Amino acid sequence: AAVVLTPLMQVLDMTLANVALPHMQAALGANQESLSWVLTSYILASAVVLPITGWLSDRVGRRTLYLTSVGFFIVASVLCGMAATLEQMVLFRIAQGIFGAFLSPLAQTVLLDSTPPEKHGRAMAMFGMGVVLGPVLGPILGGWLTENLNWRWVFYVNVPICLVAMTGLWFLLPEVKRPQRRLDVTGFVLLAVALASLQLMLDRGEGKDWFDSVEIWIEMIVAISALWMFIVHILTSHTPLFDRTLLGDRNMAVAAVLQGVTGAVMISSMALLSLMLEGLLGYPVLDAGMLLATRGIGVILMMGIVGRLLERVAPSVLIAVGLLIISASLWEMSQWNLDLNGTRVGLNGFIQGLGIGLLFVPISAVAFATLPARYRTDGSVLLNLTRSLGSSAGISIVLAMFNRNTAVSHSDLVQHITPYNMADLAALGLPEALSLPLLSALNGEVTRQATMIAFVDDFRFVMIFTLCTVPLALLIRRPHRKTKLDKTHVVE
């Protein structure tokens, strides 16, 4: 329980700040564009330091790194709540992102090491609850805290929860040290530059009109160049940042791709749904959050079952079924219109949550099924990294498509409004002064319809993308069942 709380807070903090941004603007004296750095700085800092989690864990010890990360995460959260200027807020968010980056991979490793192999499915179900519920609870908790207390409580709420987790870790978590290894500085710098450039491109692309901006071109070229140099370096170095055994494990490679897909589908569909409910259909933030929470209910129910299913059903089958359930819910979303009611949204979210719960746990389990225990921390880093990149890329792509499709649909609809298929306003005997308001109202309705069409198109695109990833489940290699002697040896 103490371990699961830490990734929950780390993921929750990515979404909590979204809700409070409008309230921060006046208090920090910032404009809309500069305020986006409150989110970007956290994501960038996490992405840059995440790859050295395994090396740091070996260097200082897992217990020491875990407790230090939680402690400084609490301090950074308090400082974020006390920030008086935008510069202070960005600085403290960077610190929060750095220490929060270690929490998810360490939690995953601790859960795997503290359970026998046959219980890994249930352990990953516990871990998945923390990771998946964060984005679901974020809008609800953030909205309630902002409306009833103050936007600063979005950060202060971390303190009591993290203190409970830290107390449990202090008394229960054993120290684990492995032989120290040399840090691959070249590989780390190349990967950090690639990740930072890619994240900046994804986060700022929409605001900069993508490739019409010189900044986006520079960030893309730097990201591709640094990533290519990192790949060459890791294939030729004697002591690479990630061991080639880790990268050569087929299950880990497939799981990393599927983890990126899960992040992209889960976060992008939730971002679109929030935008549709609050921006187009006029739901209050708390009501929209409650409808989104039905997805979390589905996730919790399925994760309570899937750990036991893994002991009887092949992981590849569960992953394929999970992807198909998500695809079916996205297909249903692609049939929505402006007459949509809350019951339909809630039921769809519940079904999609069942699919996500069925997907997340088997992916995490198969990733480590054929991987030697000494590579678990680095494996957790790789999975968390691909999920984070998938989430960022998914949001950027669907929002770019949404804006483009809205403009195209509006243009297509306007072409059908002509004097030949609508009554002339003057012929109705209306005063000329009323004509402009009526035309404005007509344009508003066209915009609403075009916006709904854009949402539907995006849901259909995410559905097709999800269906295309189903064959990846066939590449998973099922591990041989271990003998009792093997299990005893692993536990010892």
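This is a predicted model, so every value here is computed, not measured.
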Working for side-chain contact (heavy atoms from CB on, under 4.5 Å), residues Gln88 and Leu79: CA-CA 8 Å; Gln88 291 178 3; Leu79 291 174; over 6 Å; no
Separation of Cys80 SG from Met89 CE (nearest 0.5 Å): 5.5 Å
CA sep, side-chain torsions, deciding dist, call: Ser57, Leu106, side-chain contact (heavy atoms from CB on, under 4.5 Å): CA-CA 8 Å; Ser57 178; Leu106 288 176; 4.2 Å; yes
Pair Phe102-Leu65, side-chain contact (heavy atoms from CB on, under 4.5 Å): steps then yes or no: CA-CA 8 Å; Phe102 304 129; Leu65 179 60; 4.2 Å; yes
Partner residues of Ile231 under the side-chain contact (heavy atoms from CB on, under 4.5 Å) criterion, sequence neighbours left out: Leu227, Leu235
CG on Asn384 to CG on Leu103, rounded to 0.5 Å: 10.0 Å
Min side-chain heavy-atom separation Met266-Arg295 under 4.5 Å: yes
Euclidean distance, Asn158 CG relative to Leu5 CG, rounded to 0.5 Å: 11.5 Å
Spacing of Thr53 atom OG1 and Leu382 atom CG [to the nearest 0.5 Å]: 11.5 Å
Whether Arg387 side chain and Gly263 backbone form a donor-acceptor pair below 3.5 Å: no
Note, Leu389 side chain near Leu195 side chain (heavy atom, < 4.5 Å): yes
Test item: Ser77 and Tyr156 side chains (from C-beta on) under 4.5 Å apart, heavy atoms: no
Enclosure of Met401 CE (heavy-atom neighbours >12, cutoff 6.0 Å): yes
Main-chain N/O of Thr466 paired to Thr469 side chain as donor or acceptor, under 3.5 Å: yes
Derivation and outcome, ring pair (Phe, Tyr, Trp, His ring centres under 6.0 Å), residues Phe455 and Phe402: CA-CA 7 Å; Phe455 278 122; Phe402 170 75; 4.5 Å; yes
Qualifying residue, where the test is side chain to side chain contact (heavy atoms under 4.5 Å, CB included) with Leu323 and the options are Leu472, Leu359, Leu318: Leu359
For Leu67 against Met166, the heavy-atom pair lying closest together: O-CE, 3.6 Å
Within-4.5 Å side-chain heavy-atom neighbours: Val257 and Thr386: no
Flag side-chain contact, heavy atom, 4.5 Å: Gln352 against Leu330: yes
Atom CE of Met220 with >12 non-hydrogen neighbours under 6.0 angstrom: yes
Atom of Ala83, atom of Phe92 and distance for their closest heavy-atom approach: CB-CD1, 4.2 Å
Interatomic spacing from CG in Leu172 to CZ in Arg63 - rounded to 0.5 Å: 9.0 Å
Contacts of Thr68 that satisfy side-chain contact (heavy atoms from CB on, under 4.5 Å) - sequence neighbours left out: Thr64, Phe72
Exam field: side chain Ser329 to backbone Ile326, donor-acceptor pair closer than 3.5 Å: yes
Thr186 side chain reached by Ser237 side chain, heavy atoms, under 4.5 Å: no
side-chain contact (heavy atoms from CB on, under 4.5 Å) assessment of Trp228 paired with His233: CA-CA 9 Å; Trp228 172 253; His233 172 79; over 6 Å; no
Any donor-acceptor pair under 3.5 Å from Thr294 side chain to Gly346 backbone: yes
Pairwise side-chain contact, Ile218 with Met201, heavy-atom cut-off 4.5 Å (strictly under): no
Residue pair Tyr66 / Thr6, side-chain donor-acceptor N/O under 3.5 Å: yes
Nearest-0.5 Å distance that lies between atom CG in Leu273 and atom OH in Tyr283: 10.0 Å
Test side-chain contact (heavy atoms from CB on, under 4.5 Å) applied to Thr167 - qualifying residues, sequence neighbours left out: Phe171
Phe350 vs Leu301 side-chain heavy atoms within contact, under 4.5 Å: yes
Whether over 12 other heavy atoms sit under 6.0 Å from Arg250 CZ: yes
